[in-house]
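Nothing here was measured: the structure is a model prediction, and the numbers come from that model. Because only heavy atoms are used, hydrogens play no part in the values below, and waters and symmetry mates are left out as well, while side chains stay in. Just follow the structure's listing: the first ligand is 1, and inside any ligand the first atom is 1.
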Amino acid sequence: MKKINLIVFGTRPEAIKMAPLVRGFLQNKNFITKVCVTAQHREMLDQVLDFFEIVPDYDLDLMKPNQNLHSLTATIIESMKPVLEEVKPDFVYVHGDTTTSMAVGIAAFYNGAKVCHVEAGLRTFNRKYPFPEEFNRQLTGKIADYHFAPTKLSLANLLSENTKEENILVTGNTVIDALVYGIDRVNSYNFRDSEIESLKQILDFKNKIILVTGHRRENHGEGLLNICTALKAIAQNNKDVQIIYPVHLNPNVEKPVYNLLSGVSNIILVKPLAYAAFIWLMEKAYLIITDSGGIQEEAPSLGKPVLVTRNTTERPEAVEEGTVVLVGTNIEKIIEETQNLIKDSKYYNSMSSLHNPYGDGNATGRIINFIKNLKDE
Ligand code: UD1
Ligand code: UDP
């Protein structure tokens, strides 16, 4: 009897990081694999499904404008019940720390499926930062039967919580598997993309390109205001710099960013870019300013320094290696670190190492082998 997998995700980063696993399992004849999206995100999820050519078997289509954590959590748990009853999965795969991951984990546990947590064991050990992701990942860790930890540090975090070692595998992060596939495709001779063509029109590569993203809930309000104030000053002080900011669709981000930064000549605000255009732009960028988890993990593979607009990170590996600096949301600190990277080429070179502590691009194979080799209980 073939084992049945159900892979579930809902937001842009989960989709990017689960795409290699979906493609890997669908090619593996030992398993029946179904894909369900909660569509906690809509447009930003669909951009990823298109690029990786994934057609979900179930699409719960749950996103609401300016949704709240309470109703999203409740709706996901409730909407997963019929899917779980129909698919009857042996294994349900969830990713990381979103509302989708946590709520699907609960629903899968209620239905008696084995829960497999991809990107397990990341911790700040502070439930307020990032909010609510640290709580989501701790809870998902409690629910999960099997834990795929990207690094040795995430393994150590899980062991410190008394997770059984035989149920944990250090795999590397699947984000690197996705990036290797994506960069290869984007740089292939016959790849054409209209978004990339428009970026070539807007950007002048004689300038230093600073790529910015931001969306974290704990930065909404004052934090975001500070980040925008710093960006405006950087743009005004450096005429040889172009700042490009693909703005997250969350209205708590979109409104203030457009209000504060529209009309500055060397700041370009665009809609979220599809993954192909985004990784193309990361390769072209001089430096990246972001609060994104996934971008912190991708950038070292492309040799790009990252200033992280957060005070803590569950991804300290690249900070320790010196390619990522935490600048928080302090206006002076963001300006100072950016100016140092613009003006001091020695400092810049010291931050642009090509070594990636988060993975080698082979995480998917390790996860599939682990599941294949499990003994029936
Ligand atoms: C979510 C995750 C966060 C992850 C981030 C990645 C939770 C609690 N948060 O945060 O961990 O880092 O995604 O981007 O799970 N919206 C759209 N279209 C889209 C996507 C979002 O319009 O394609 C708007 C909607 O108004 C939506 C709002 O953004 O209600 C917020 O989306 P939500 O997923 O709740 O929060 P994010 O801040 O995106
Ligand atoms: N990304 C993208 N388009 C964009 C911005 C980001 O495709 O306009 C990709 C990026 O390459 C990374 C992921 O989205 O893989 C990060 O998602 P996000 O920052 O929304 O979430 P987080 O990683 O913080 O959970």
Side-chain angles (χ1 to χ4, degrees), residues 9-20 37-52 61-73 75-76 94-104 119 122 130-137 139-140 173-179 181-183 186 195 199 211-220 224 244-255 269-283 285 288 290-299 301-302 304 306 308-310 313-315 358:
F9 47 91
T11 64
R12 169 174 68 192
E14 293 166 83
I16 292 167
K17 291 167 166 183
M18 286 298 228
V37 294
T38 62
Q40 173 179 334
H41 284 175
R42 187 70 276 172
E43 304 90 317
M44 287 160 58
L45 171 74
D46 292 342
Q47 288 178 321
V48 182
L49 296 176
D50 280 353
F51 180 74
F52 288 96
D61 200 20
L62 295 181
M63 195 194 84
K64 298 262 187 314
N66 208 6
Q67 61 208 358
N68 64 72
L69 296 173
H70 308 69
S71 62
L72 181 64
T73 304
T75 322
I76 293 173
V94 296
H95 186 280
D97 54 22
T98 65
T99 301
T100 290
S101 329
M102 178 268 292
V104 171
E119 197 181 276
L122 277 65
F131 175 87
E133 288 81 6
E134 176 68 14
F135 169 75
N136 286 346
R137 59 170 89 103
L139 191 57
T140 310
N173 198 309
T174 56
V175 78
I176 310 301
D177 302 29
L179 187 66
Y181 167 85
I183 288 284
V186 167
E195 254 183 348
L199 288 173
L211 174 59
V212 179
T213 80
H215 67 83
R216 296 247 81 85
R217 231 163 247 266
E218 63 274 15
N219 282 350
H220 293 175
L224 197 54
I244 176 153
Y245 187 162
V247 185
H248 194 287
L249 294 178
N250 190 327
N252 303 301
V253 175
E254 208 178 29
K255 278 195 200 131
L269 304 177
V270 292
K271 294 253 168 237
L273 294 169
Y275 183 63
F278 191 79
I279 58 180
W280 177 88
L281 187 54
M282 269 204 288
E283 264 201 317
I288 300 172
T290 188
D291 62 18
S292 160
I295 296 169
Q296 286 176 64
E297 294 159 342
E298 292 162 337
S301 283
L302 305 171
K304 302 299 168 181
V306 183
V308 174
T309 48
R310 294 175 50 182
T313 179
E314 57 290 303
R315 296 164 169 93
Y358 298 112

Tell me yes or no: between the side chains of [X] and [Y], is some donor less than 3.5 Å from an acceptor?
| X | Y | value |
| --- | --- | --- |
| Thr38 | Thr100 | yes |
| Ser71 | Asn68 | yes |
| Thr73 | Thr99 | no |

Could you list the atoms of ligand 1 found under 4.0 angstrom from a heavy atom of [X]?
| X | answer |
| --- | --- |
| Thr99 | 7 (C), 8 (C), 15 (O) |
| Met44 | 19 (C), 20 (C), 23 (O) |
| Asn66 | 25 (C), 26 (O), 27 (C), 30 (O) |
| Pro132 | 8 (C) |
| Arg42 | 19 (C), 23 (O) |
| Gln40 | 1 (C), 2 (C), 7 (C), 9 (N), 15 (O), 33 (P), 34 (O) |

- Message: Let's go through Phe9 and Thr98 carefully: what are the C-alpha distance in whole Å and the side-chain angles of both, what is the deciding distance for side-chain contact (heavy atoms from CB on, under 4.5 Å) to 0.1 Å, and is it a yes or a no?
- Response: CA-CA 9 Å; Phe9 47 91; Thr98 65; over 6 Å; no
What protein heavy atom sits nearest [atom], and how far off is it?
| atom | answer |
| --- | --- |
| atom 3 (C) of ligand 1 | Glu133 OE2, 3.2 Å |
| atom 24 (C) of ligand 1 | Leu249 O, 3.6 Å |
| atom 4 (C) of ligand 1 | His215 CE1, 3.7 Å |
| atom 38 (O) of ligand 1 | Asn250 ND2, 3.1 Å |
| atom 18 (N) of ligand 1 | Glu43 OE1, 2.8 Å |

Backbone, side chain, both or neither: what part of [X] comes under 4.0 angstrom of ligand 1, heavy atoms only?
| X | result |
| --- | --- |
| Pro13 | side chain |
| His248 | side chain |
| Leu69 | side chain |
| Pro251 | side chain |

Might you point out which heavy atoms bring [X] and [Y] nearest each other, and give the distance in Å?
| X | Y | answer |
| --- | --- | --- |
| Ala103 | Ile76 | CB-CG2, 3.6 Å |
| Met63 | Gln40 | CG-O, 3.0 Å |
| Lys304 | Met282 | CE-O, 3.3 Å |

- Task: With atom 33 (P) of ligand 1 as the reference point, say which of Gln67, Gln47, Arg216, Met102 has the nearest heavy atom.
- Result: Gln67
- Item | Proximal candidate to atom 16 (N) of ligand 1 [heavy atom criterion; set Arg217, His41, Met63] | Met63
- Are Asp61 and Arg42 within salt-bridge range, i.e. N to O under 4.0 Å? yes
- Query: Would you call Glu133 and Arg217 a salt bridge, using N to O less than 4.0 angstrom?
  - Reply: no
- Output the set of protein residues with a heavy-atom contact under 4.0 Å to ligand 2, ordered first by chain identifier and then by residue number. Arg12, Pro13, Ile16, His215, Arg216, Pro246, Pro272, Leu273, Tyr275, Phe278, Ser292, Gly293, Gly294, Ile295, Glu298
- Message: For Glu254, give me all partners under side-chain contact (heavy atoms from CB on, under 4.5 Å), at least two apart in sequence or on another chain.
- Response: Val247, Leu249, Tyr258, Lys271
- Message: Between ligand 1 and Asn68, can you find any atom pair, the residue atom being a heavy atom, that is separated by under 4.0 Å?
- Response: no
- Could you tell me whether Thr100 and ligand 1 have an N or O pair separated by under 3.5 Å? no
